[in-house]
Amino acid sequence: MHPVEMLASQLKAGRGWREHLGNEFSQPYMQRLADFLVAEQQAGKTIFPPSHLWFNSLNSTPLNQVRVVILGQDPYHGPGQAHGLCFSVRPHVAVPPSLINIFKEIRDDLGIQPPDHGCLQPWAERGVLLLNSVLTVVQGQAGAHRGKGWETFTDRVIETINRERQGVVFLLWGSYAKKKCQHIDRSKHLILDGPHPSPLSAYRGFFGCRHFSRANEWLQQNGLPTVDWSLPNKSELLEQYGKSQPSS
C-alpha cells in the first residue's frame with residue numbers, strides 16, 4: 001500500500017470527515033507528508049502517538065457533533081503519553097502541567113474537582129474536538145514534525161468546521177493556536193482566546209478566563225447542547241472503555 005493510502009486509511013469513514021477531507025490525501029503536500037512519515041519510521045525513529053491514533057481526534061468526534069474545538073500544538077513526546085487528543089494523556093500517565101492548570105481553571109470556574117488522571121477521551125466523545133495543529137512527533141524531540149504538512153491539513157479541518165457547522169466555540173490558547181482564527185467566521189462561531197495554560201503563561205490570564213462556563217453559556221443562548229466538562233475517575237474510565245481505547 002502506498003504511504004499516502006496507509007495514512008488515509010487511518011481516518012475512519014462514517015464520521016463526516018472523509019467526505020470533506022478525502023481529497024486532501026491526493027494533494028502533493030499530503031503525499032510528501034506521508035513519504036516523510038514512512039522515512040522517519042524506516043530510520044528507526046519512534047513516532048508518537050502510534051499510527052492508529054494519528055487521527056484519534058477526528059475519529060472520536062464526528063463532524064456533525066462538534067460543539068467546542070480546543071487547539072493544541074503538537075503531541076506530547078514522552079513515552080506512553082500521546083494518544084491523539086491535544087492536552088490529553090493515557091490514564092496511567094502523570095497529568096502534565098498544562099492539563100493540571102486546565103483542571104484548576106475548570107474547578108474554579110465550574111466547581112468540578114480535577115480527576116485522578118489526564119485522559120480527555122470522554123470530552124472528545126461529547127463533542128469537544130481536541131485537535132493538535134501537528135499530529136505527530138518524534139520521541140524526545142518536541143516540534144520535530146512541524147512544517148512537514150500537518151499544519152495545512154489541520155487548517156483544512158478548521159475550514160471544514162467553519163463552513164459546514166454553525167455555532168461552534170473555538171478555544172484558542174496561546175499564540176500558536178490563535179493563528180488558526182483566520183479560518184473562522186466570527187459571525188457564525190464564537191472564538192475565546194487567551195494565554196496558554198502552561199505554567200509559563202497561565203498566570204497571565206488563563207486563570208480566571210472562565211472559558212468553560214462562557215462556552216456553555218453561549219451554546220445555551222444559541223439553543224445548542226452544552227458540554228459536560230466533568231470526567232469519570234480512573235477506575236470508571238477504564239471500566240467504561242475496557243483496556244483498549246484510552247490507553248491503546
Side-chain angles (χ1 to χ4, degrees), residues 7-8 10-12 15-22 24-25 29-30 33 48-77 81-89 96 98-99 102 118-137 142-143 145-165 167-185 188-194 196-198 211-212 215 227 229 245-246:
L7 187 60
Q10 301 299 333
L11 185 60
K12 293 180 181 178
R15 304 294 197 272
W17 299 110
R18 286 189 69 129
E19 176 185 354
H20 298 284
L21 297 170
E24 294 302 305
F25 293 95
Y29 84 87
M30 187 61 83
L33 173 61
F48 294 139
S51 60
H52 71 284
L53 294 173
W54 288 350
F55 294 118
N56 190 26
S57 58
L58 301 177
N59 291 335
S60 297
T61 311
L63 174 59
N64 65 2
Q65 294 179 21
V66 175
R67 305 178 198 176
V68 174
V69 177
I70 298 178
L71 284 171
Q73 295 186 15
D74 52 6
Y76 296 118
H77 55 85
Q81 290 182 300
H83 65 120
L85 306 177
C86 73
F87 293 106
S88 180
V89 292
S98 292
L99 186 52
I102 290 171
C119 181
L120 306 182
Q121 189 72 37
W123 286 4
E125 296 177 9
R126 296 172 193 163
V128 181
L129 182 67
L130 297 165
L131 182 68
N132 276 314
S133 180
V134 176
L135 301 187
T136 56
V137 72
H145 287 177
R146 291 182 190 172
K148 303 299 182 182
W150 279 128
E151 294 93 338
T152 301
F153 179 76
T154 53
D155 281 351
R156 300 293 179 268
V157 172
I158 298 299
E159 290 167 1
T160 298
I161 297 168
N162 181 65
R163 182 181 65 249
E164 301 296 327
R165 297 298 314 282
V168 173
V169 181
F170 291 83
L171 304 184
L172 308 183
W173 301 326
S175 58
Y176 199 86
K178 291 176 189 176
K179 293 176 182 177
K180 297 283 191 186
C181 72
Q182 62 183 312
H183 304 290
I184 304 165
D185 182 350
K188 293 175 61 178
H189 308 287
L190 176 65
I191 296 175
L192 297 175
D193 59 27
H196 194 277
S198 79
H211 280 181
F212 304 95
V227 174
W229 294 105
Q245 178 59 31

Self-check item: For Phe48, all residues meeting ring pair (Phe, Tyr, Trp, His ring centres under 6.0 Å), sequence neighbours excluded
Solution: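 With sequence neighbours excluded, Phe48 shows a ring pair (Phe, Tyr, Trp, His ring centres under 6.0 Å) to no residue whatsoever.
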Exercise. List for me each residue that meets ring pair (Phe, Tyr, Trp, His ring centres under 6.0 Å) alongside His183, sequence neighbours excluded, and say none if there are none.
Key: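 Residues passing ring pair (Phe, Tyr, Trp, His ring centres under 6.0 Å) with His183: none at all.
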Side chains of [X] and [Y]: closer than 4.5 Å at any heavy-atom pair?
X: Val168; Y: Arg67; answer: no
X: Leu33; Y: Phe25; answer: no
X: Trp123; Y: Thr61; answer: no

Straight-line distance of [X] [atom1] to [Y] [atom2], nearest 0.5 Å:
X: Gln65; Y: Leu129; atom1: CD; atom2: CG; result: 11.5 Å
X: Ser60; Y: Leu130; atom1: OG; atom2: CG; result: 8.5 Å
X: Ser133; Y: Lys180; atom1: OG; atom2: NZ; result: 3.5 Å
X: Gln10; Y: His52; atom1: CD; atom2: NE2; result: 8.5 Å
X: Leu58; Y: Leu131; atom1: CG; atom2: CG; result: 6.5 Å

Quiz item: Of all residues at least two apart in sequence or in a different chain, which pass the side-chain hydrogen bond (donor to acceptor under 3.5 Å, both in side chains) check with Trp173?
Solution: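 Result, side-chain hydrogen bond (donor to acceptor under 3.5 Å, both in side chains) vs Trp173: His211.
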Quiz item: Are the side chain of Asp193 and the backbone N or O of Lys178 linked by a donor-acceptor pair below 3.5 Å?
Solution: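 Checked: no pair found.
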Quiz item: Has the side chain of His196 got a donor or acceptor atom that lies under 3.5 Å from a matching backbone atom of Ser175?
Solution: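 No; judged by distance alone, with no hydrogens or angles, the pair does not exist.
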Quiz prompt | Modelled atom types, side-chain donor and acceptor of His145 and Thr136, under 3.5 Å | solution =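 Yes, side-chain donor-acceptor contact under 3.5 Å.
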Over all heavy atoms of both residues, which pair between [X] and [Y] is shortest? Give the atoms and the distance, please.
X: Val134; Y: Pro75; value: O-CD, 3.2 Å
X: Gln121; Y: Asn56; value: OE1-ND2, 3.4 Å
X: His20; Y: Glu164; value: CE1-CD, 3.3 Å

Quiz item: Looking at Thr154, Val69, Leu85, Ile70, which hits side chain to side chain contact (heavy atoms under 4.5 Å, CB included) with Ser57?
Solution: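 Single pass found, and it is Leu85.
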Exercise. Report the relative orientation of the aromatic rings in Trp150 and Phe55; use parallel for angles under 30°, tilted for 30 to 60°, perpendicular for over 60°.
Key: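 Judged by the thresholds at 30° and 60°, the geometry between Trp150 and Phe55 is perpendicular.
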Exercise. Report the C-alpha distance between Tyr76 and Val89 in whole Å, list the side-chain angles of each, state the deciding distance to 0.1 Å, and finish with yes or no for side-chain contact (heavy atoms from CB on, under 4.5 Å).
Key: CA-CA 8 Å; Tyr76 296 118; Val89 292; 3.4 Å; yes
Exercise. May I ask you to check if Arg146 and Tyr176 form a cation-pi contact, with NZ or CZ under 6.0 angstrom from the six-membered ring centre and within 45° of the axis?
Key: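 Yes, a cation-pi geometry.
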